[in-house]
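Any value given below was found using the heavy atoms of this structure, including those in side chains, with hydrogens, waters and symmetry copies removed. Note that ligands are numbered from 1 as they come in the structure, with each ligand's atoms numbered from 1 the same way. This one's a predicted model, so the numbers in the text were calculated from it and none came from an experiment.
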Amino acid sequence: MRSADEREKRNVAGILFIISAPSGSGKSTLVGELRKQLSGVDFAVSWTTRTPRGSEENEREYNFTTREEFERMIAADLFLEHAEVFGNFYGTARHSLDEARGAGHDLLLDIDVQGAAQVRASMPEAVSIFVLPPNPKVLRTRLRNRSRAEGAVNEAELYRRLSEASREIENFRQYGYILVNDILDRAVAQLEAIVLAERYYRNGEAIAYRSRRVLEVAAACLQANSQERLKPVLEAFGMIGDSRQQELNFEEDSDDD
Ligand code: ADP
Ligand code: 5GP
């Protein structure tokens with residue numbers, strides 16, 4: 001893979017990657033791992049009106065701000081997209097895209113399904129990736145473990161995020177690539193393969209001796225090729241088959257307390 005400097009010298013057009021997932025699926029974890037492994041991909045630090053969680057720092061995970069300031073930014077048309085999620089505002093500043101483009105870097109947006117729809121409408125060339133948890137029970141366990149690690153389990157907030165998950169998952173068909181974040185290393189390798197494959201197809205970036213395997217891994221993640229892989233996940237979320245399954249799995253609570 002070429003270094004960021006080499007990419008800059010070649011004046012390669014940056015690719016816009018959108019990644020969405022129900023909260024707790026492991027999207028931030030995947031993005032963090034990807035950034036350790038690949039250069040030349042910037043991460044847009046969003047603005048939000050929610051309060052920081054756990055060890056989150058201002059300007060690192062998010063730019064934390066007030067509702068008044070956020071509304072002022074909307075009025076000044078400073079956002080590429082923005083949405084209300086779980087009662088808080090979230091948005092991507094336009095300058096994130098300008099800066100990444102200026103540097104010839106790819107840009108990764110971690111945004112919800114509403115924001116993704118807005119970006120796709122204005123930039124249909126964006127590469128979109130949807131991350132699914134393997135089943136509702138794993139999602140609940142991850143959300144709960146994360147809350148515990150942050151020192152506060154808010155049952156109402158947990159329930160809200162779980163209830164929202166199935167509704168968000170219904171949007172997966174709007175996305176080009178689908179990842180099932182079951183085994184972390186595998187999901188990271190798939191995400192990396194998608195980025196490398198898109199660089200190869202769009203910009204002619206060399207991907208060395210691993211190229212064939214990388215292209216195969218990425219192709220297998222295309223939504224069009226994911227029907228069989230997704231079947232058990234969609235069944236577990238009650239989106240196909242017995243819809244009562246979803247309620248049952250969310251409420252099974254004995255193994256992670
Ligand atoms: P999101 O950004 O989608 O809300 P996070 O990245 O915060 O989710 O992950 C939620 C929790 O699940 C975290 O505690 C994280 O460490 C854990 N997690 C993420 N991916 C995996 C995985 N593949 N296997 C096990 N735990 C995971
Ligand atoms: P969390 O509060 O768990 O960090 O994020 C909640 C949801 O907000 C996630 O689905 C996340 O992708 C989404 N989100 C984070 N930043 C943005 C943003 O800038 N725009 C939009 N539309 N959604 C965002």
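Taking every heavy atom of Ser23 and a limit of under 4.0 angstrom, the matching atoms of ligand 1 come to 4 (O). Atoms of ligand 1 lying under 4.0 Å from at least one heavy atom of Asp182, given by number and element, are 22 (C), 23 (N), 24 (N). Against a heavy-atom cut-off of under 4.0 Å, Asp110 is close to the following atoms of ligand 2: 11 (C), 12 (O), 14 (N), 15 (C), 16 (N), 17 (C), 24 (C).
In this structure, Tyr62 is part of the shell of residues with a heavy atom less than 4.0 angstrom from ligand 2. Using a 4.0 angstrom heavy-atom cutoff, Ser20 does not count as in contact with ligand 2. Ligand 1 has Gly24 within reach: a non-hydrogen atom of the residue lies less than 4.0 Å from it. In this structure, Glu61 has no heavy atom closer than 4.0 Å to ligand 2. Within the structure, ligand 2 has Arg161 among the residues with a heavy atom less than 4.0 angstrom away.
Where the criterion is an N or O separation shorter than 3.5 Å, residue side chain and backbone included, Asp110 fails it with respect to ligand 1. Considering both main-chain and side-chain atoms, Asn145 never comes within under 3.5 Å of ligand 1 through any nitrogen or oxygen pair. Some N or O of Glu81 is nearer than 3.5 Å to an N or O of ligand 2, by distance alone.
For residues 71-92, the pairs satisfying side-chain hydrogen bond (donor to acceptor under 3.5 Å, both in side chains) are Arg50-Tyr90, Glu69-Arg72, Asp77-Arg94, Glu81-Thr92, with sequence neighbours left out.
Contact annotation: the side chain of Gln223 never approaches that of Gln174 to less than 4.5 Å [non-hydrogen atoms, C-beta and beyond].
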